[in-house]
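Below you'll find the structure, written out as structure tokens, and then a few comments.
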Amino acid sequence: MNGTFVLRIEDTNAELAKPEFYDAITEPLKWLGLQWDEGPFYQSQRSEKYLEAINALLEKGFAYRCDCSRESIESRNNVNGFKGGYDGYCRNREVPDDPNVSIRFKTPKNQFVKIRDTIRGDVTFDTNELEDFIIRRSNGTPVFLVANAVDDADMGITHVIRGEDLLNTTPKVMLMWEALDYGQPPEYAHLPLLVGEDKKKLSKRKHSVALGEFQTMGILPEAMVNYLALLGWGPNDDKEIRPVEEIAALFSLKDINKAPAYFDMKKLFHINAEYIRALSPEAFSEIATQYFQLTGWEPINLDFDVLSDLSSSIQERIEKLADIVKLVDWLFNEEPAVETDPKEMKKISKSMSADKVADVLDLAIEQLEKCDWNEEVIGETINGIGQTLETKSQVPIRVAVTGRRIGLPLFKPMEILGRQKVVTRLQKARADLG
RNA sequence: GCCCCGUUCGUCUAGCGGCCUAGGACGCCACCCUCUCAAGGUGGUAGCACGGGUUCAAAUCCCGUACGGGGUACCA
């Protein structure tokens, strides 16, 4: 898609002009690889421009000063039974100029404002439904509606693509746009909102949807972008998983669905798993290593080459990077996964008698102490034990060595762990059995 | 309440009047493979919100109803 991506921080409200909010916007953009071409521009630093526009509006008679308090408006409305918001009390009151007085836009009556929306077609609003809204607060600061109009004109914005929650504010901006004589307005596209499980708007305050959480979970940015593109849109050739460039080539604002979409974690995980599996061993271990640093998991024996060696069997077993840990922790830590150790042996006993488990361990200790130490021989040895004992021999050994009942194919990682550690762990498990 | 915007399998979607006995994906179920767990393979489950029109023909166009979302601030 062609165009210039302008990053504008709409922090006209002083509470929002804080670095942490800025980071909350820019960090995820960077993570996703969505680099902007111009900016960031901070509306909090461009107040004069907005104030100028407000003065122009005032001079041309499109706005007026108002010193009503919330309470006075409400009490008047209670008496008059007026339900349209602000009643226009100060319209003709000539409230004296004072920096501590608010300014409202004088919305015309009996008019229709039509906005052109690429996704929704023409949407018209009756101006009688719009109250005389505040454009400058009583503390002298402009509100975002003015800032929007001024900046869009000033920066030559051609496309405004944003959430549907802003659709209703658009006519207000358009009214000022016309009053300020800005000419051709930008093209709008109001995107459907994402909803949570409660079917409510998924956003900033209520649900915590910080993209950073996906990063710490171990979602790959490419997978995230791919999944996000699939919300509210789909390629017509049914091929869902594909690079951004390809998506961009097929994508069109016109094709976006109008209804809110539910964010499906399971599908995100699936797409992420596909991206993970597509990684080369080197790329995978590189990404995994960086991920461990990010999350602070630094086992004493962590080894890049080992990771790379085992990558394919790890890759096909995880759906997010966080899943790697429980697959390899026993290999990189001195001890097997502790939390499961004794109990897991008992669980085996349910499907295999305790005597059988003991027999398997005894034979394993005896034979693994002296056999050749490589993947093939280890496998043959363990399978041989299973045959002579007529049982499944892998499970008890797996639990003894890894501390878990499920995990990677055993033989290769056992070879890597080394005979000494393997035998020691087997002996310990045997001893615990009593 | 009022004003906007919506409504295709549980979820995300394809579909732009005949190709639809509605296609794909995730999930779920079954089977195959397998001395763990996965991955992979095969098959299955499930949907055009409802009611009226328009038309030779409607998931597709129009109107209602129901339901959902958003807005209704000196937040954005």
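Throughout, a chain's letter reflects where its sequence line sits, starting with A, and its residues are numbered from 1. Not measured: the values here are computed from a predicted model. What's counted below: heavy atoms across the whole structure, side chains too, no hydrogens, waters or symmetry copies.
- Rounding to whole angstrom units, CD1 of residue I54(A) and C1' of C74(B) are separated by 12 Å.
- G84(A) comes within 4.0 angstrom of nothing in the nucleic acid, heavy atoms only.
- Contact annotation: the side chain of F214(A) never approaches that of L220(A) to less than 4.5 Å [non-hydrogen atoms, C-beta and beyond].
- Between F292(A) and L321(A), every side-chain heavy-atom pair lies at or beyond the 4.5 Å cut-off.
- Annotation: C48(B) and C20(B) have their C1' atoms spaced 10 Å apart (nearest Å).
- Look at A22(B): it lacks any Watson-Crick or wobble partner with both distances under 3.5 angstrom.
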Under 4.0 Å protein heavy-atom contacts per nucleotide of nucleotides 59-66 of chain B, with B for base, S for backbone only and - for none
--------
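- The P atoms of C33(B) and U42(B) are separated by 15 Å, rounded to the nearest whole Å.
- For L16(A), counting side-chain heavy atoms from C-beta on, the closest listed nucleotide (G6(B), C16(B), C75(B)) is C75(B).
- G23(B) and A59(B): their C1' atoms are spaced 13 Å apart (whole Å).
- Residue contacts for T12(A): at a heavy-atom cut-off of 4.0 Å it reaches the sugar-phosphate backbone alone, with no base atom in range.
- As judged by a 4.0 angstrom heavy-atom cut-off over every strand, F125(A) is placed among residues touching the sugar-phosphate backbone only.
- Straight-line distance between the C1' atoms of A46(B) and C56(B): roughly 33 Å, to the nearest whole Å.
- For the C1' atom pair drawn from A25(B) and U8(B), the interatomic distance equals 15 Å after rounding to whole Å.
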At under 4.0 Å between heavy atoms, how does the protein contact nucleotides 22-38 of chain B? Give one character per nucleotide, 5' to 3', with B, S or -.
-BBBSS-------BBBB
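- Both I134(A) and L167(A) lie close to RNA chain B; mapped to their nearest nucleotides by heavy-atom distance, the more 5′-ward contact belongs to L167(A).
- We find that CG of N168(A) is positioned 4 Å from C1' of G71(B), with the value rounded to whole Å.
- A donor-acceptor pair shorter than 3.5 Å can be found between the side chains of E187(A) and T118(A).
- Looking at which nucleotide of RNA chain B each of G121(A) and C66(A) is closest to, the 5′-most match is held by G121(A).
- Rounding to whole angstrom units, CG of residue D165(A) and P of A73(B) are separated by 15 Å.
- Under 4.0 angstrom from either OP1 or OP2 of U13(B) there lies no side-chain N or O belonging to N236(A).
- Spacing between G71(B) and U65(B) at atom C1', rounded to whole Å, works out to 23 Å.
- Across all strands shown, A30(B) forms a Watson-Crick or G-U wobble pair, both distances under 3.5 Å, with U42(B).
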Verdict with reasoning, F263(A) to Y227(A), per ring-ring contact (aromatic ring centres under 6.0 Å, His included)
CA-CA 10 Å; F263(A) 193 98; Y227(A) 174 65; 5.1 Å; yes
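- Side chains of T141(A) and N139(A): a donor-acceptor N/O pair is present below 3.5 angstrom, by distance only.
- For the P atom pair drawn from A66(B) and G27(B), the interatomic distance equals 38 Å after rounding to whole Å.
- With a 3.5 Å ceiling on both atom-pair distances, U54(B) lacks any Watson-Crick or G-U wobble partner.
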